[in-house]
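By convention in this document, chain letters (A, B, ...) are assigned in the order of the sequence lines, proteins followed by strands, and residues within each chain are numbered from 1. All figures in this text were calculated on a predicted structure; none of them were measured in a lab.
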Number of protein chains: 2
Amino acid sequence: MSKSKATSFDIAHYAGVSQSTVSRALRNSPLVNEETKKKVFEIAKKLNYKVDKNASNLRTQQSNTIALLLFEDPTSDESHINPFFLSMLGSITRACANQGYDLLVSFQQMDQDWQAQYEDSHRADGLILLGYGDYIDYQARLATLLQNNTKFVCWGANVDSRPELSISCDNYYGGEQVAEFLVAKKRTQCAFIGDASEHSPEFFARFNGFKDTLQKHGLNVDARQIINAISTDESGYNATKTLLSLKRPINAIFAASDLIAIGAIRAIKEAGLNVPEDISVIGFDDIPIASFTEPALTTVNQSTSVAGEMLVANLLAQLKDEPPVQTQLKPTLVIRHSA
Amino acid sequence: MSKSKATSFDIAHYAGVSQSTVSRALRNSPLVNEETKKKVFEIAKKLNYKVDKNASNLRTQQSNTIALLLFEDPTSDESHINPFFLSMLGSITRACANQGYDLLVSFQQMDQDWQAQYEDSHRADGLILLGYGDYIDYQARLATLLQNNTKFVCWGANVDSRPELSISCDNYYGGEQVAEFLVAKKRTQCAFIGDASEHSPEFFARFNGFKDTLQKHGLNVDARQIINAISTDESGYNATKTLLSLKRPINAIFAASDLIAIGAIRAIKEAGLNVPEDISVIGFDDIPIASFTEPALTTVNQSTSVAGEMLVANLLAQLKDEPPVQTQLKPTLVIRHSA
DNA sequence: ATTTAATCTGACACCGGTGTCATAATTAGC
DNA sequence: GCTAATTATGACACCGGTGTCAGATTAAAT
């Protein structure tokens with residue numbers, strides 16, 4: 001990158017020692033005489049020497065780098081990444097930095113051959129998989145990774161054969177919390193917007209925690225009050241309009257994500273109703289926007305900074321052959337004004 | 001990364017040709033016989049071969065990788081990155097992917113020796129510098145980069161000796177737009193919240209465009225109506241409380257960033273006043289949150305996706321010795337409900 | 001048939017560090 | 001004073017591709 005880059009050979013030359021010694025000295029090997037070390041460091045500094053990581057990575061066969069593959073939801077808008085993942089991206093970046101690892105980031109389309117894409121293989125010691133896991137082939141692809149002995153960890157999506165490779169928030173518990181709260185607030189007509197099928201493991205767990213808890217309290221979720229939606233405010237808006245058009249009036253909505261909740265609030269207001277007086281709305285994720293909506297969103301917080309740290313920690317544990325760390329994050333209900 | 005990784009040597013062995021031929025074949029060199037190529041590709045696929053980029057980067061002395069250094073504002077909260085930069089991060093990632101470049105992301109503390117940090121040198125062909133440029137030594141450090149012939153491009157901050165290496169939004173123009181709009185709405189008591197000094201080149205330009213335009217229309221910004229703030233909603237909130245405590249009532253606020261504007265709206269509401277009836281509020285950036293505030297924020301949009309593309313394009317032009325591309329992004333006023 | 005050109009391929013050095021092994025120099029042990 | 005143990009260093013091969021150059025094979029030209 002620099003016009004004339006200094007190599008360890010140059011240093012060796014000026015210091016009057018061998019390359020081996022330079023290499024050892026720079027990495028602070030105890031095998032090198034202190035005097036020599038000092039001299040080497042001086043010259044290195046003077047020459048503005050920087051190790052060539054390509055060379056050292058090649059030799060040592062490890063890169064101190066983690067690759068982050070961010071899968072996009074093919075159905076959502078190209079130009080906008082879900083703020084939750086953006087925030088994850090930020091925290092993973094920071095967590096890597098804290099651990100002295102570099103981070104390679106790339107977007108991946110679920111439907112393309114990211115197996116091949118991750119040919120960054122030799123540049124990264126491990127992979128973090130982030131994004132939507134409800135895709136055909138996903139498990140098969142993960143299996144291939146396992147077969148290749150590729151170290152990886154994913155967020156949200158299950159890894160059928162190796163649960164310890166998947167970090168997630170306790171979505172079921174989150175759903176329970178929401179239900180308990182609504183029950184305590186005497187809401188009896190609760191709707192759900194999201195994907196209540198196994199297709200979307202995270203949403204499904206949220207729904208189940210929600211439904212089971214309501215049932216425990218003798219409440220039921222009418223099938224017509226379960227509306228399918230993807231994680232965008234547009235989708236939430238449409239779903240809510242459908243809900244509002246139903247005969248039986250509802251008084252609470254559990255939106256499987258904050259973006260959905262935001263769309264829901266918009267639809268409710270448009271219909272001339274009030275949040276939370278007429279209809280309570282609770283989201284999930286606690287994205288940065290959540291505290292700025294009107295009314296501020298009551299939602300389930302899954303800490304992205306903790307999640308990021310957990311992902312990185314889990315991966316590093318694998319790389320160092322240490323025992324796996326905790327894989328579930330306890331979410332917490334953040335009570336604001338929308339419920 | 002894989003347990004047993006296939007090398008070009010292996011392919012050569014099985015295909016009964018030399019490594020050179022394999023190398024050429026895989027890169028689709030016209031020098032290789034089509035038959036041979038086919039055979040090589042087949043075997044490569046069968047062996048699940050992936051080039052070792054460390055090796056090829058080392059040999060070719062280029063990495064097809066861009067490093068993104070994201071500088072944090074040391075005064076702001078550790079755990080939250082400004083959503084504008086987060087959004088930039090997303091768009092740069094995408095732009096790199098589109099151009100076939102990998103992206104290395106890292107956070108940097110302005111006050112630490114990131115010169116040394118970027119020892120990722122040999123791993124990246126060029127650098128994108130993103131973040132706060134109002135720091136001592138910044139220009140000196142940039143000068144060092146130039147001296148080392150390091151290719152880089154920055155966002156927002158000036159590069160004193162080489163303006164073409166800096167991409168920015170036309171902040172002055174943005175300020176003008178805001179002022180014109182407020183004047184058209186007959187707002188005569190306009191305040192500014194931000195940093196109206198050269199310390200913060202972007203804010204400064206916004207302020208100047210704003211001020212100059214108001215003056216052109218015979219309006220002045222009273223020095224007391226210029227409040228210093230950093231780009232957080234907390235800071236905007238405090239600044240606004242100060243503004244509201246002034247004798248002379250104001251009826252418009254130009255906040256140098258959306259986060260500031262959000263804090264301002266909160267303070268105004270808390271004081272029992274209405275936005276925009278009593279006080280118009282206009283922000284800058286058009287972060288994703290902006291459309292969800294109550295009232296939705298009127299703000300100046302600087303398209304992060306265009307900006308990301310421009311940054312990458314500029315850097316690639318440098319790498320390929322092509323003439324520099326356009327460096328200024330025209331912002332547009334997005335009129336919502338807060339003004 | 002012989003020269004010339006075009007096409008294809010292999011041998012080999014090289015990119016810049018790092019690890020191994022042998023060896024020289026110094027110190028300790030008896 | 002001589003062997004054994006330490007300590008410090010250098011020579012050299014190696015990681016896995018890539019580029020150069022020379023050589024072989026075949027086709028075209030004279």
Side-chain angles (χ1 to χ4, degrees), chain A residues 1-41 43-44 47-65 102 119-125, chain B residues 1-41 43-44 47-65 102 119-125:
Chain A
M1 198 157 171
S2 328
K3 186 156 279 168
S4 61
K5 85 177 131 194
T7 69
S8 65
F9 179 86
D10 299 328
I11 299 179
H13 175 75
Y14 286 113
V17 295
S18 73
Q19 272 188 73
S20 314
T21 302
V22 171
S23 173
R24 284 184 286 244
L26 290 175
R27 282 169 307 140
N28 241 306
S29 156
L31 294 176
V32 181
N33 183 288
E34 288 301 324
E35 295 269 309
T36 318
K37 250 184 217 179
K38 233 179 78 183
K39 192 163 55 176
V40 168
F41 272 111
I43 297 179
L47 297 181
N48 191 29
Y49 172 82
K50 304 278 155 54
V51 282
D52 184 323
K53 291 210 179 171
N54 288 133
S56 67
N57 289 349
L58 172 59
R59 180 62 227 239
T60 60
Q61 297 290 34
Q62 55 144 298
S63 59
N64 261 52
T65 299
D102 286 334
E119 59 183 326
D120 280 324
S121 357
H122 306 289
R123 304 189 64 192
D125 299 332
Chain B
M1 197 153 172
S2 329
K3 184 155 280 169
S4 62
K5 83 177 134 197
T7 70
S8 65
F9 178 86
D10 299 328
I11 300 179
H13 175 74
Y14 286 112
V17 297
S18 73
Q19 272 188 71
S20 315
T21 302
V22 171
S23 173
R24 283 184 288 245
L26 291 176
R27 282 169 306 139
N28 240 307
S29 157
L31 294 177
V32 181
N33 183 290
E34 287 302 326
E35 295 270 309
T36 319
K37 250 186 222 180
K38 231 178 79 183
K39 191 163 53 173
V40 168
F41 272 113
I43 296 179
L47 297 181
N48 191 28
Y49 172 83
K50 304 281 155 53
V51 282
D52 184 323
K53 290 209 179 169
N54 288 132
S56 67
N57 290 347
L58 172 60
R59 179 62 227 242
T60 60
Q61 296 293 23
Q62 51 143 311
S63 60
N64 260 52
T65 299
D102 287 334
E119 58 181 327
D120 279 324
S121 354
H122 306 288
R123 304 189 63 191
D125 299 333

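Closest of all the heavy-atom pairs between B:Leu26 and B:Ala44 is CD2-CB, 4.0 Å. Considering every non-hydrogen atom in both B:Leu58 and A:Leu58, the closest pair reads CD2-CD2, 3.6 Å. Heavy-atom minimum distance, B:Lys37 versus B:Val32: CE-O, 3.8 Å. The minimum heavy-atom distance linking B:Asp10 with B:Lys5 is given by the pair OD2-O, 3.8 Å.
B:Phe9 has its CZ atom 11 Å from the P atom of C:dA11, to the nearest Å. When the P atom of C:dT26 is taken as reference, atom CD of A:Glu35 falls 14 Å away, rounded to whole Å. Rounded to an integer number of Å, the gap from B:Leu31 CG to C:dC8 C1' is 8 Å.
Nearest-nucleotide positions on DNA chain C place B:Arg59 closer to the 5' end than the other of B:Arg59 and A:Leu26. The 5' end of DNA chain C is approached more closely, in terms of each residue's nearest nucleotide, by B:Val32 than by the other of B:Val32 and A:Thr60.
Bracketed by its first and final contacts, the part of DNA chain D lying under 4.0 Å from non-hydrogen atoms of chain A reaches from D:dA8 to D:dG16 in 5' to 3' order.
B:Tyr14 OH: 12 or fewer foreign heavy atoms inside a 6.0 Å radius.
Residues A:Asp102 and A:Lys53 have side chains in contact (heavy-atom distance under 4.5 Å, counting atoms from C-beta outward). Looking at A:Thr7 and A:Asp52, their side chains never come closer than 4.5 Å, going by heavy atoms from C-beta outward.
Less than 4.0 Å separates DNA chain C from at least one heavy atom of each of the following residues of residues 14-22 of chain B: B:Gly16, B:Val17, B:Ser18, B:Ser20, B:Thr21.
In this structure, B:Arg24 reaches the bases: a heavy-atom distance under 4.0 Å links it to at least one base atom across the strands shown.
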For a side-chain contact (heavy atoms from CB on, under 4.5 Å) check, start with the C-alpha distance between A:Ser23 and A:Arg27, then their side-chain angles and the critical distance, and finish with the verdict.
CA-CA 6 Å; A:Ser23 173; A:Arg27 282 169 307 140; 2.8 Å; yes
